[in-house]
Amino acid sequence: MMFVAAECTPTSFKDFTLIMPAISVGNVGQLAVDLIVSTLNMCRVGYIHTDCLIPMVGNNPYATFAENANDLSTNAEVYSSPELRLAVLQIRTPIIQTKSKKLCKLMVSWIKASGFSRTVVLSSSHAYQRDDQQLLGSPLRYLQTPSMQKVTGDRLKEMEWKEMETVSTFPGVTDSEQRLYIPGGGATKGLFTDSCAEDIPLVVVLIFCSEGDNIPDAFTLLNHLNTWLHLVDAPVSATAQTQPKWRIPASWRLLFGSGIPPALF
């Protein structure tokens, strides 16, 4: 895997926060990343070149006017906001099934070499495969590596975030052996366990959901993340339920099979 920087773009991300999606059920993480890039008007600073992802090229998904609508985009691109010390990796295609473990190791290696201060993986898991303890309360969960625990302390628990439960390895037989189980989470578990092994500060934030129109799930996941990172301030209002305003990207007009942009050809 190789990170290719855009011309005249500094390649150092030392002390930046990285946000990236897992390719998981409903593509919720990818939708949430779309909202971040579009709302913060982040600049594309490079792309990831790897044979672990299905190749893709298309129009600029974040076009704001005709002049930049024809810019090409690829399957894995990096965006940056230096003033916020924030970088975002958007992955637009599935992982080749036999190369999931390889991609996890390559991603963890890139994260470590780039000097990110912390990494946030946005993910999702099948709602229908929750066990009894996961059915009640919030559908949102988090995981953090030991290195991240040293950085955040009890901050997430103080915010009343709920940690992802482990489940019995042998249900109905014995509960003495527990394991981390994220059905539908794609490479989420691999990224987490590899980051634990490499001493990388990483947090997974996920939502239980089902396939379908997952736009509401993306907003729920992102609003939850925003209570911690404060990417966007909520407008001042007397209503306690006021939420931040996220800008929907132009590409979302094509989510459900709308007409193909002629500029693609």
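All of these numbers come straight from a predicted model, not from anything done at the bench. All values below were derived from every heavy atom in this structure, side-chain atoms included, with hydrogens, water molecules and symmetry-related copies excluded.
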State yes or no: do [X] and [Y] share one hydrophobic cluster built from I, L, V, M, F, W and Y residues joined by side-chain heavy-atom distances below 4.5 Å, directly or via other members?
{"X": "Ile182", "Y": "Tyr128", "result": "no"}
{"X": "Leu106", "Y": "Met56", "result": "no"}
{"X": "Val167", "Y": "Phe208", "result": "no"}
{"X": "Met20", "Y": "Ile96", "result": "no"}
{"X": "Val25", "Y": "Ile95", "result": "no"}

Leu18 vs Ile111, side chain to side chain contact (heavy atoms under 4.5 Å, CB included): CA-CA, chis, key distance, verdict:
CA-CA 8 Å; Leu18 172 68; Ile111 290 169; 3.8 Å; yes

Polar side chain donor-acceptor pair, Glu165 to Tyr181, under 3.5 angstrom
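No, no side-chain donor-acceptor pair sits under 3.5 Å.
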
Any side-chain donor paired with an acceptor under 3.5 Å for Ser73 and Asn60?
no

Taking the side chain as every heavy atom from C-beta outward, state whether Val88 and Val78 have any pair of such atoms under 4.5 Å apart.
no

Within a strict 4.5 Å, meaning less than it, do heavy atoms of the Met107 and Leu191 side chains meet?
yes

[X] side-chain N/O to [Y] backbone N/O, donor-acceptor pair under 3.5 Å:
{"X": "Lys189", "Y": "Leu180", "value": "yes"}
{"X": "Gln134", "Y": "Asp131", "value": "yes"}
{"X": "Ser251", "Y": "Pro61", "value": "yes"}
{"X": "Ser109", "Y": "Lys105", "value": "no"}
{"X": "Gln30", "Y": "Ile91", "value": "yes"}
{"X": "Asn226", "Y": "Val232", "value": "yes"}
{"X": "Thr193", "Y": "Gly190", "value": "yes"}
{"X": "Arg92", "Y": "Thr74", "value": "yes"}
{"X": "Thr145", "Y": "Met148", "value": "yes"}
{"X": "Ser125", "Y": "Gly185", "value": "no"}

Salt bridge flag under 4.0 Å for residues Lys112 and Asp199
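Result for this pair is no, no salt bridge flagged.
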
Check: Trp110 ring centre within less than 6.0 Å of Phe116 ring centre:
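Judged by ring-centre distance (under 6.0 Å), Trp110 and Phe116 do meet the cut-off.
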
Looking at [atom1] of [X] and [atom2] of [Y], how far apart are the two atoms once the value is rounded to the nearest 0.5 Å?
{"X": "Asp15", "Y": "Ser117", "atom1": "CG", "atom2": "OG", "result": "6.0 Å"}
{"X": "Leu84", "Y": "Thr17", "atom1": "CG", "atom2": "OG1", "result": "9.5 Å"}
{"X": "Thr93", "Y": "Asn75", "atom1": "OG1", "atom2": "CG", "result": "4.0 Å"}
{"X": "Asp194", "Y": "Ile200", "atom1": "CG", "atom2": "CD1", "result": "8.5 Å"}
{"X": "Leu206", "Y": "Leu143", "atom1": "CG", "atom2": "CG", "result": "6.5 Å"}
{"X": "Cys196", "Y": "Leu202", "atom1": "SG", "atom2": "CG", "result": "8.0 Å"}

When you look at Glu163 and Trp161, which way does the side chain to side chain contact (heavy atoms under 4.5 Å, CB included) test go after all the steps?
CA-CA 7 Å; Glu163 192 168 4; Trp161 281 28; over 6 Å; no

Contact summary for Cys209 and Val28, nearest pair of heavy atoms
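Looking at all heavy atoms of both residues, the closest pair is SG-CG2, 3.8 Å.
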
Between Val45 and Ser80, the two heavy atoms sitting closest are CG1-CB, 3.6 Å

Please say whether more than 12 non-hydrogen atoms of neighbouring residues, nucleotides or ligands are located less than 6.0 Å from [atom1] in [X].
{"X": "Lys162", "atom1": "NZ", "result": "yes"}
{"X": "Gln133", "atom1": "CD", "result": "yes"}
{"X": "Lys99", "atom1": "NZ", "result": "yes"}

Within 45° of the axis and under 6.0 Å from the centre of the six-membered ring of Phe16, does NZ or CZ of Arg85 qualify?
no

Please step through side chain to side chain contact (heavy atoms under 4.5 Å, CB included) for the pair Tyr79 and Leu89, ending with a clear verdict.
CA-CA 6 Å; Tyr79 298 81; Leu89 168 63; over 6 Å; no

With side chain to side chain contact (heavy atoms under 4.5 Å, CB included) as the criterion, how do Phe192 and Met164 come out once you've worked through the C-alpha distance, each side chain's angles and the decisive distance to 0.1 Å?
CA-CA 12 Å; Phe192 177 73; Met164 185 68 171; over 6 Å; no

Glu83: what forms a side chain to side chain donor-acceptor pair (under 3.5 Å) with it, not counting sequence neighbours?
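Only Ser81 meet the side chain to side chain donor-acceptor pair (under 3.5 Å) criterion with Glu83.
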
In residues 31-39, what donor-acceptor pairs under 3.5 Å come from side-chain atoms, sequence neighbours left out?
residue	atom	partner	partner atom	Å
Asp34	OD1	Tyr62	OH	2.5
Asp34	OD1	Gln90	NE2	2.9
Asp34	OD2	Trp252	NE1	3.1
Ser38	OG	Arg247	O	3.0
Thr39	OG1	Leu35	O	2.7
Thr39	OG1	Arg247	N	2.7

